[in-house]
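Here the structure is a predicted model, which is why all the values come from computation and not from measurement.
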Amino acid sequence: MLLQKTYIENCITKKAKKNNGELAKYLITNSHPAIIDRETFKLVQVEVARRGNIRKVTTNEIDEKGKYSGKYALSELLICGECGNKYRRITWKIKGKNTKVWRCVNRVEYGKKFCKQSVAVEEDKIKSAILKALRSAITDKKEVYDLILSNIVYGITGKKDDLDLFAIENEINNLKMRIDDNVSLMMKTEGDTAKYYEVISKMNLQIDALKGQAEIIKEKMKSNQAVSLEIKRITELVRGESEEKDVFGTYDDTTVKRLIEYVRVMPDKKIVVVFKGGLTIESEIE
């Protein structure tokens with residue numbers, strides 16, 4: 001049983017949110033008799049993933065998994081840093097030319113009545129700022145690498161459960177740090193060390209169980225050829241083995257939608273990019 005898979009975001013809204021590593025999860029192993037053995041369960045999960053990834057073709061010969069919903073990815077991602085409303089894509093005439101601009105919906109519809117300080121940003125400039133944030137994030141290679149892999153699976157298959165890989169890896173790392181803390185305390189104590197051994201033993205069992213879950217998800221990823229190719233590409237990029245010189249050199253709606261939870265546009269012409277998984281990067285709009 002995996003406890004605390006969701007949590008209440010705050011006591012005012014009381015909105016339940018999926019726990020993607022923000023809080024600790026508690027795994028209780030061997031809590032009830034197994035119907036089938038673990039190895040059979042893993043094999044079945046991989047086979048289910050394989051069958052689910054067989055591409056379906058409609059009568060119009062459009063690949064079902066290739067469809068992309070939403071005309072502009074930024075319509076779902078840009079949020080006003082002052083009032084919290086979404087941004088809308090509009091056309092302004094700047095220096096005699098029609099220019100695509102993103103503007104807070106409240107400012108568009110009500111002027112300064114509800115939102116006084118929000119800024120309008122040209123589309124090219126907001127895209128450049130997002131690319132800068134992506135390039136900045138990639139410097140923290142290990143964390144971003146895991147985040148990118150988990151979201152590639154979600155972006156291609158549309159199965160949100162695969163995002164659990166990033167949360168599982170985070171939880172394993174948290175448990176390892178807690179084990180180190182307990183070992184350190186055990187070495188310093190002059191009393192009974194049995195309680196420390198018991199706590200460390202339980203956490204090691206949790207790590208083993210979490211690793212089993214991670215392996216299932218990784219096998220699912222391998223079963224999808226498109227995912228495997230993208231993983232190979234990203235791995236080469238992050239490790240510096242790719243012939244591509246500029247990582248995230250070109251803005252791409254699909255990539256942005258896969259990796260980013262939302263982008264908050266601040267009144268001081270800065271953006272706060274929140275990646276899926278919780279990583280936050282600040283970038284300036286030039």
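- A donor-acceptor distance shorter than 3.5 angstrom exists from the side chain of Glu82 to the backbone of Gln117, with no hydrogens or angles considered.
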Just do the salt bridge (charged side-chain N to carboxylate O under 4.0 Å, His left out) check on Glu282 and Lys270 with the steps written out, would you?
CA-CA 7 Å; Glu282 190 177 282; Lys270 291 182 179 178; 3.6 Å; yes
Go through the steps for Lys269 and Glu284 under the test salt bridge (charged side-chain N to carboxylate O under 4.0 Å, His left out), then give the verdict.
CA-CA 6 Å; Lys269 288 198 171 182; Glu284 289 189 7; over 6 Å; no
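- Taking hydrophobic clusters as Ile, Leu, Val, Met, Phe, Trp and Tyr residues chained together by side-chain heavy-atom distances below 4.5 Å, Leu175 does not share a cluster with Met177.
- For the pair Arg178 and Met203, the tightest heavy-atom approach, listed with the atom from each and the gap, is CB-SD, 3.7 Å.
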Could you check Val263 against Val274 for side chain to side chain contact (heavy atoms under 4.5 Å, CB included), going step by step and ending with a plain yes or no?
CA-CA 6 Å; Val263 178; Val274 180; over 6 Å; no
CA sep, side-chain torsions, deciding dist, call: Lys100, Thr91, side chain to side chain contact (heavy atoms under 4.5 Å, CB included):
CA-CA 5 Å; Lys100 302 304 178 185; Thr91 302; 2.8 Å; yes
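- When side chains are defined from C-beta on, Lys127 does not count as touching Leu131, because their heavy atoms never get closer than 4.5 Å.
- When hydrophobic clusters are built by joining Ile, Leu, Val, Met, Phe, Trp and Tyr residues whose side-chain heavy atoms come closer than 4.5 Å, directly or via intermediates, Val108 is grouped together with Trp92.
- Lys112 has its side chain within reach of Arg107: a pair of non-hydrogen atoms, C-beta onward, lies under 4.5 Å apart.
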Check against side chain to side chain contact (heavy atoms under 4.5 Å, CB included), Lys176 and Ile172:
CA-CA 6 Å; Lys176 286 179 178 178; Ile172 289 172; 3.7 Å; yes
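- Counting heavy-atom neighbours within 6.0 Å of Ile35 CD1, excluding the residue itself, gives a total of 12 or less.
- Ile207 and Ile179 get closest at one heavy-atom pair: CD1-CD1, 3.6 Å.
- Considering only heavy atoms from C-beta on, Gln213 comes within 4.5 Å of Ile168 through its side chain.
- Within the 4.5 Å cutoff, no side-chain heavy atoms of Ile79 are placed close to those of Asn85.
- Of the inter-residue distances, the one linking Ile281 atom CD1 with Ile260 atom CD1 reads 10.5 Å to the nearest 0.5 angstrom.
- Of all non-hydrogen atoms in Ala24 and Asn19, the two that sit nearest each other are O-ND2, 3.9 Å.
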Derivation and outcome, salt bridge (charged side-chain N to carboxylate O under 4.0 Å, His left out), residues Glu215 and Lys211
CA-CA 6 Å; Glu215 284 303 315; Lys211 283 181 177 178; over 6 Å; no
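- Under the 4.5 Å side-chain criterion, counting only non-hydrogen atoms from C-beta, Ile126 is in contact with Leu78.
- With Asn106 contributing its side chain and Cys115 its backbone, the two residues share no donor-acceptor pair below 3.5 Å.
- Hydrophobic clustering (side-chain heavy atoms under 4.5 Å, transitive across Ile, Leu, Val, Met, Phe, Trp, Tyr) keeps Tyr110 apart from Val105.
- Side-chain atoms of Ile200 and Val183, non-hydrogen and from C-beta on, do get closer than 4.5 Å to each other.
- Without hydrogens or angle criteria, Arg89 side chain to Val101 main chain gives no donor-acceptor distance under 3.5 Å.
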As a quick check of understanding, evaluate side chain to side chain contact (heavy atoms under 4.5 Å, CB included) for Ile28 and Leu3, giving each step before the final call.
CA-CA 8 Å; Ile28 301 173; Leu3 307 181; 3.6 Å; yes
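- Looking only at atom types and distance, the side chain of Thr40 has a donor-acceptor partner in the side chain of Asp37 under 3.5 Å away.
- Here the side chains of Tyr197 and Met186 are in contact, with some heavy-atom distance below 4.5 Å.
- Between Tyr87 and Val265 there is a side-chain heavy-atom pair separated by less than 4.5 Å.
- With values rounded to the nearest 0.5 angstrom, Asn182 atom CG is found 11.5 Å from Thr189 atom OG1.
- Between the CE atom in Met266 and the CD1 atom in Ile285 there is a gap of 10.5 Å [rounded to 0.5 Å].
- Between Ile90 atom CD1 and Arg88 atom CZ the span is 8.0 Å, to the nearest 0.5 Å.
- One finds the CG atom of Leu74 at 3.5 Å from the OH atom of Tyr251 (value rounded to the nearest 0.5 Å).
- Side chain of Ser128 to backbone of Asp124: a donor-acceptor contact under 3.5 angstrom is found.
- Within the 3.5 Å criterion, the main-chain N or O of Ser118 finds a donor-acceptor partner in the side chain of Arg103.
- Shortest non-hydrogen contact noted between Val119 and Pro267 is CG1-O, 3.4 Å.
- In this structure a side-chain-to-backbone donor-acceptor pair under 3.5 Å is missing from Ser283 to Lys132.
- Here the OG atom belonging to Ser201 is positioned 10.5 Å from the CD atom belonging to Gln206, to the nearest 0.5 angstrom.
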